[in-house]
Every structure is written in C-alpha cells, then in structure tokens.
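Quick caveat: nothing in here was measured; it's all calculated off a predicted structure. Counting starts at 1 for both ligands and their atoms, following the listed order.
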Amino acid sequence: MGIFGVIGHPISHSMSPIMHNCEFKKLGCPHHYTAFDVHPDNLKNAIDGMRALNILGLNVTIPHKVAVMEWLDEIDEEARLIGAVNTIKNENGRLIGSNTDGEGYLRSLKELIDHPFHDKNVLIIGAGGASRAIVTALARYGVSRIDIANRTLQKAEQLAMHVRQFGKSNAIPLKEAEEKLSTYGIIVNTTSVGMSPNLPDMPINIHHLEKGTIVSDLIYNPLSTMFLKKAKEKGAITANGVGMFVHQGALSFEKWLGIAPNTERMTETVLKKLGG
Ligand code: ATR
C-alpha cells in the first residue's frame, strides 16, 4: 500500500482526499490519500517526514507552494517557470517537485472549447499565484495576446513581464479591461472576488461583454459565482473552477502512478461533495 496526501494550512476543507481515494478504490489501487495540516514552521520537518515515512506523493497547497521548493531534490521545468510546486513525487527517496495547476487549467479549457484557441486574446483578472500558473500555461500553449488586469497594477506588470518570454502580454488597470471587454475571446477570473460568503461581488463590470465569449472563474464555492451567472445571462460560455481542480489532481495522480484516472468520475465525486 502507498500513502499519498496533501499538505496545507488550513487544510480541513480540501476535497483532494475524497477525490483521490474514490479513484484509488475504483481502479483497485491499494493506496490511501490523506490531508496533513502542516504549519509553515513545520514545513521542512514535514518534507523530512515524507522521506522517512516513504510517502509516495504529496500535493502542496496554500501557503506552501513556493516555500516547499527549497526542500526538494529536483524541480521540473513547468514548476520552475511558474515558481511554485503543487505536486511532489517520491522516487526512491528523491523528491521531485512539479506543478500541474497550469496544465490542469489548460485541459479544463480544452474540454470547454472543442477547437484550438491560438487566435484568441485572453484577459486574466488577478496576478497572484493561481494567475501565474495559468498565464504561464496559456502563454506556452500560444494565444494571440494575454492581458493581465489587477487591483494592484504593479503585480500585473511583473507577471506580464514574465509572460513576455513566451508571447505578447500587457498589464492593464481593471477599468481599462472593463472598457475593452468585447475584444477578448477568453476571460478568466483568478481572484477570490465572489467566493462564498461574498456572493454578490464581481471582479469586474461586464457591461461590454460579447455573446459567445468564453468566461471562466477559478472559484468553485459557489459553483456559479455572480460573475458567471451574469456572464451567462449575456450569452457567454461559462465554466467554474471544478474543471481545473479535477485536472490538476488527475495530472498529479498520473505523475505518481503512471496511469490516467477517470476525470469524469472525479468530477462527479467533487460535485457530489460540493452539493452540485
Ligand atoms: P492565489 O494564490 O489564489 O492566486 P493570491 O496570490 O493571494 O491568491 O492572489 C490573489 C489575487 O486576487 C490578487 O491578484 C489580488 O489582487 P492584489 O494583487 O491587488 O492583491 C486579487 N484580489 C483579492 N481580493 C481582491 C479584491 N477584493 N478586489 C480585487 N482583487 C482582489
């Protein structure tokens, strides 16, 4: 039997254990996945513990995604570019860090749009950790342009500079994004604005949103934020954060075990847990 898990602080609301354990069971894998609440002061001890206890794989979540990198033996290219790790694989005592957040998001987007979207202009709202993973993946996939709008413009500027290694990118104020909303084919909210309990809040005004625009929100609590509800009313094609959550988990699973789990089944498990 192999032990897997997720480290974070706090961690009690994580849906990863139920999602992975259901999949282990369905696939007949004799493994177990558990949530470990690790205080930041104990991060190095936790990683030493992973080696000592031969824990085969860990997911890493807030607030450890950047700090954990210092204690690993190897960081793969994607995680280096994103500057954060969300997956650790224990290969005979050698701990390898990777990041499946960006690729997980890209896969969820490919499920939503059934044709290549290299020709689209993309607007990303927010410039935090989640945003960095997504813009890195989208820029490496290759889209026409990525504009990053953020409350703190300086953070958007730093991120846009990173994205310019791979393609066109600008930092813009939220107001400017609102005014030229109709020029984007894909709009992504990566901020926590609209997350429960702040249900009426919207990250931007969508007065100028065009019908047929792809609008996605990384939030899955609630399943449909006010931003998504209003966008849908205006004829947008919308998606919540469940897709990214499932796909980042599925990609971690695949890295650890070398087999692809059933993402439709994982989605059902997560939706059931969320009451959707
Ligand atoms: P995560 O790792 O989930 O991306 P984060 O790194 O803390 O979280 O980033 C949060 C993002 O949401 C930031 O872009 C933040 O904007 P600032 O850079 O100005 O702080 C944005 N954000 C959070 N709360 C917000 C609010 N009430 N209004 C606008 N933007 C908000």
Side-chain angles (χ1 to χ4, degrees), residues 6-11 13-16 38 40 43 59-69 78-79 81-87 97-106 108-109 122-139 146-163 169-179 181 184 187-206 215-222 225-228 230-231 239-249 252:
V6 55
I7 55 171
H9 182 74
I11 198 66
H13 291 105
S14 173
M15 290 183 299
S16 293
V38 175
L43 182 59
N59 282 127
V60 182
T61 189
I62 293 167
H64 304 314
K65 287 185 182 190
V66 177
V68 80
M69 296 173 82
E78 182 86 2
L81 285 172
I82 293 170
V85 157
N86 83 329
T87 305
S98 54
N99 194 313
T100 64
D101 285 333
E103 185 59 27
Y105 179 75
L106 203 53
S108 71
L109 205 54
V122 181
L123 172 67
I124 304 285
I125 309 161
S131 174
R132 189 169 165 101
I134 285 169
V135 295
T136 303
L138 279 170
I146 300 178
D147 283 354
I148 304 165
N150 194 44
R151 179 177 59 181
T152 314
L153 189 58
Q154 196 194 353
K155 276 172 72 180
E157 274 159 2
Q158 280 166 3
L159 192 50
M161 205 173 351
H162 162 74
V163 176
S169 183
N170 299 310
I172 58 172
L174 289 166
K175 266 270 160 277
E176 186 180 332
E178 289 172 351
E179 277 153 25
L181 216 54
Y184 300 105
I187 299 171
V188 190
N189 174 41
T190 72
T191 76
S192 52
V193 180
M195 192 185 285
S196 185
N198 303 315
L199 302 179
D201 296 354
M202 304 248 298
I204 52 167
N205 176 312
I206 57 166
V215 176
S216 96
D217 198 324
L218 301 195
I219 295 171
Y220 46 75
N221 176 27
T225 56
M226 187 60 75
F227 179 56
L228 288 189
K230 296 280 179 202
N240 62 28
V242 170
M244 174 175 170
F245 177 72
V246 165
H247 282 287
Q248 61 77 34
S252 300

Practice prompt. Give a yes or no on whether the backbone of N205 and the side-chain of E178 come within a donor-acceptor separation of less than 3.5 Å.
Written response: yes
Worksheet item: To which protein heavy atom is atom 8 (O) of ligand 1 closest, and what is the distance rounded to 0.1 Å?
Response: G129 N, 4.4 Å
Worksheet item: Of N150, I62, I134, which has the heavy atom at the shortest distance from atom 15 (C) of ligand 1?
Response: N150
Discussion item. Among all protein heavy atoms in this structure, tell me which lies nearest to atom 26 (C) of ligand 1, with the distance rounded to 0.1 Å.
Written reply: R151 NH1, 3.2 Å
Worksheet item: Side chain or backbone of K155 under 4.0 Å from ligand 1, or both, or neither, by non-hydrogen atoms?
Response: side chain
Worksheet item: Heavy-atom distance to atom 3 (O) of ligand 1: which of A133, A130, A127 wins?
Response: A130
Worksheet item: Below 4.5 Å, heavy atoms only, C-beta onward: do N150 and L159 meet side chain to side chain?
Response: no
Worksheet item: Can you tell if the side chain of H9 reaches within under 4.5 Å of the side chain of P63, non-hydrogen atoms only?
Response: yes
Practice prompt. Write out the residue and atom name of the closest protein heavy atom to atom 19 (O) of ligand 1, then the distance separating them to 0.1 Å.
Written response: T152 OG1, 2.4 Å
Worksheet item: How about N59 and T87: do any of their side-chain heavy atoms sit closer than 4.5 Å?
Response: yes
Worksheet item: Which of the atoms of ligand 1 are close to V193, meaning less than 4.0 Å from one of its heavy atoms?
Response: 25 (C), 26 (C), 27 (N), 28 (N), 29 (C), 31 (C)
Discussion item. Students should be able to answer this: which protein heavy-atom is nearest to atom 12 (O) of ligand 1, and at what distance?
Written reply: T191 CB, 3.3 Å
Discussion item. Please give me the minimum heavy-atom distance between S169 and I146, naming the atom from each residue.
Written reply: OG-O, 2.8 Å
Practice prompt. Test L138 against L109 for side-chain contact (heavy atoms from CB on, under 4.5 Å), laying out the working first.
Written response: CA-CA 10 Å; L138 279 170; L109 205 54; 3.9 Å; yes
Response to the item:
Here the pair of heavy atoms bringing N99 nearest to E78 is O-CG, 3.6 Å
Worksheet entry | Distance filter under 4.0 Å to G126 heavy atoms, resulting ligand 1 atoms | 14 (O)
Discussion item. How far is atom 5 (P) of ligand 1 from the closest protein heavy atom, and which atom is that?
Written reply: G128 CA, 4.0 Å
